[in-house]
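Taking it in order: structure first as structure tokens, then the write-up.
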Amino acid sequence: MRAAATYKRIAEEGGWPTLPAGTVLKVGDKGPFVVTLRQRLAREGDLPAEQITGSTFDADVARAVKRFQARHGLFESGSVRTKTLEALNVSAEQRHRQLVASIKRLIDSRFAFGERYVVVNIPSATVEAVESGQVARRYVAVVGKADRPSPEVETRITTVNLNPTWTVPVSLIKKDIIPQVRKDPAYLAKMKIRILDAKGQEVDPQALDWTTNSAVNYTLRQDPGTTNSLGQIRIDMPNRDAVYLHDTPSKRLFAQDARFYSSGCVRVADIGGFAEWLLRGTNGPDGAWDQINLQTAIASGARQDIRLARPVPIAWVYLTGYATSDGTVQFRNDVYGLDTHRPGSDPGMQDLDVPTTASLRSRRL
């Protein structure tokens with residue numbers, strides 16, 4: 001809320017300068033565009049005020065650009081190219097709207113903050129494990145694509161599933177499986193997906209008419225293994241949207257800047273380390289569930305459901321603008337278009353009060 005008030009003031013004071021489309025700047029460059037860049041970076045505090053003058057792109061400017069890139073989830077190159085330029089040219093008014101929209105999505109939260117909890121920020125595509133009020137671990141994630149978005153959820157993590165099977169949702173049978181089988185009749189066998197009838201009996205894929213959607217009347221289940229779409233670990237968190245966190249055989253997606261590829265669930269990099277953190281305090285047959293015991297259990301190939309001794313609260317949130325505890329303000333792209341200002345809605349701060357406690361509940365003026 002304090003960040004939103006700051007950006008509202010900046011907008012009312014005229015905002016900040018922009019750079020022309022196509023601008024590319026790097027260390028060693030000189031000229032009026034560097035002067036504008038310095039003014040722009042200083043407006044948000046990425047460049048110290050005493051360094052605002054000058055027409056040379058020096059090491060100080062490069063460090064400021066890296067700070068700006070870090071706050072916007074961009075690759076920290078220290079130079080200005082397409083994505084950094086786009087972020088620099090977003091107006092202060094728009095940044096204020098992002099912060100206010102994020103506040104309003106949190107304002108009625110009843111999230112059960114505890115000693116340990118997990119937060120997934122969808123626009124950031126990150127998973128944070130929080131302990132004693134500090135982020136103990138941060139994981140790169142892959143979240144839902146724009147047409148299959150990840151929902152906002154508040155619940156508890158109850159179980160870690162090792163070597164999970166995957167029951168294909170009806171929506172994905174229609175959108176993905178049926179078109180794949182039409183192109184390649186051997187697709188189900190390659191992916192180790194079985195078709196089961198209402199009695200749990202396996203059905204020959206050739207018995208179905210794939211020119212229709214009749215497959216949705218059956219259960220399609222993928223066997224455990226390295227090719228399983230959930231990978232080797234699934235994190236269960238009961239919720240009405242039937243979403244969860246899981247491993248994936250497609251690790252390459254974690255290396256990309258934009259990670260919006262899933263069908264609603266959240267894929268987590270280094271999920272073994274995440275599972276170990278969740279299972280702290282939960283004993284297994286050979287003591288604590290450390291990485292060695294987890295990998296041994298996975299290597300057995302057997303399905304195993306490990307119930308946490310104490311469930312861990314988890315929230316999936318949609319924050320395109322937020323501030324960390326040190327006051328650093330972060331922004332991410334509005335990938336689902338939830339910040340869009342609609343006629344008749346008020347993006348201002350006048351109906352919001354800065355809280356004097358840690359509660360997310362609002363106090364109306």
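Quick note: residue numbers are just sequence positions, from 1.
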Is the closest side-chain donor-acceptor distance between Gln232 and Thr226 under 3.5 Å? no
Note, Arg105 side chain near Leu338 side chain (heavy atom, < 4.5 Å): yes
About how many Å separate CD of Glu154 and CG of Leu106, when rounded to the nearest 0.5 Å? 8.0 Å
Would you say the side chain of Pro48 lies within less than 4.5 Å of the side chain of Glu50, judging by non-hydrogen atoms? yes
Please test Thr320 against Val335 for side chain to side chain contact (heavy atoms under 4.5 Å, CB included), starting from the C-alpha separation and ending with a verdict. CA-CA 9 Å; Thr320 56; Val335 290; over 6 Å; no
Are side-chain heavy atoms of Leu279 and Leu294 found at a separation under 4.5 Å? yes
Ring centre gap for Phe68 and Phe331 strictly below 6.0 Å: no
Ring-plane angle category for Phe274 and Trp277, please: parallel below 30°, perpendicular beyond 60°, tilted otherwise. parallel
Asp305 vs Arg307, salt bridge (Lys or Arg N to Asp or Glu O under 4.0 Å): CA-CA, chis, key distance, verdict: CA-CA 6 Å; Asp305 299 331; Arg307 181 164 287 277; over 6 Å; no
Rounded to the nearest 0.5 Å, how far does CG of Leu85 lie from CG of Leu19? 6.0 Å
Take Glu86 and Val90, measure what side chain to side chain contact (heavy atoms under 4.5 Å, CB included) needs, and give me the verdict at the end. CA-CA 7 Å; Glu86 289 175 356; Val90 173; over 6 Å; no
With the threshold set at 4.0 Å, does a side-chain nitrogen-carboxylate oxygen contact exist between Arg71 and Glu44? yes
Identify whether the distance between the nearest side-chain nitrogen and carboxylate oxygen of Arg310 and Glu115 falls below 4.0 Å. no
Any ion pair linking Asp58 and Arg38 (charged N to carboxylate O, less than 4.0 Å)? yes
Close side-chain approach of Leu196 to Gln201, heavy-atom, < 4.5 Å: no
Which heavy atom in Ile235 sits nearest to a heavy atom in Tyr244, and how many Å separate them? O-CB, 3.2 Å
Take Trp166 and Asp223 through the side chain to side chain contact (heavy atoms under 4.5 Å, CB included) test and state the conclusion after the steps. CA-CA 7 Å; Trp166 179 46; Asp223 293 340; over 6 Å; no
Pair Asp236 + Arg234, salt bridge at N-O below 4.0 Å: yes
Is any side-chain heavy atom of Val24 less than 4.5 Å from a side-chain heavy atom of Val80? no
Test: Arg9 and Glu13 ion pair at under 4.0 Å: yes
Of all heavy-atom pairs linking Glu131 and Ala136, the shortest is OE1-CB, 3.9 Å
I need the His246 NE2 to Asn228 CG distance, nearest 0.5 Å. 9.5 Å
Using a 6.0 Å cut-off, check whether atom CD of Gln206 has over 12 heavy atoms from anything other than its own residue. no
State which residue, out of Met191, Lys183, Lys190, fulfils the side chain to side chain contact (heavy atoms under 4.5 Å, CB included) condition with Tyr187. Met191
Side chains of Val119 and Ile314: does their closest heavy-atom pair fall under 4.5 Å? no
d(Leu220 CG, Ile177 CD1) to nearest 0.5 Å is 6.5 Å
Can you measure from CZ (Arg194) to CG (Leu188) and round to the nearest 0.5 angstrom? 11.5 Å
Please find the pair of heavy atoms, one from Leu99 and one from Tyr7, that lie closest to each other, and give the distance. CD1-CD1, 3.8 Å
Any side-chain donor-acceptor pair under 3.5 Å between Ser150 and Tyr318? no
What one should report as the nearest heavy-atom pair of Arg40 and Leu88 is NE-O, 2.7 Å
Are the side chains of Ile157 and Leu278 in contact, using a 4.5 Å heavy-atom criterion? yes
Any Lys/Arg nitrogen of Arg97 or Asp339 sitting under 4.0 Å from an Asp/Glu carboxylate oxygen of the other? no
Could you give me the CA-CA distance, side-chain angles and deciding distance for Val266 and Val142, then say whether side chain to side chain contact (heavy atoms under 4.5 Å, CB included) is met? CA-CA 6 Å; Val266 173; Val142 172; over 6 Å; no
Shortest non-hydrogen pair, Gly144 vs Tyr336, comes out as O-OH, 2.6 Å
If you round to the nearest 0.5 Å, how far is CD of Gln69 from OG of Ser79? 6.5 Å
For Val35 against Gly54, the heavy-atom pair lying closest together: CG2-O, 3.5 Å
Heavy-atom side-chain contact between Val140 and Val127 under 4.5 Å: no
Worked verdict on Thr328 versus Asp326 for side-chain hydrogen bond (donor to acceptor under 3.5 Å, both in side chains): CA-CA 6 Å; Thr328 300; Asp326 63 357; 3.0 Å; yes
Pair Gln330-Arg332, side-chain donor/acceptor within less than 3.5 Å: yes
Should we say atom CZ of Arg116 is surrounded by more than 12 heavy atoms from elsewhere, each under 6.0 Å from it? yes
Take Phe33 and Phe57, measure what ring pair (Phe, Tyr, Trp, His ring centres under 6.0 Å) needs, and give me the verdict at the end. CA-CA 10 Å; Phe33 290 167; Phe57 195 126; over 10 Å; no
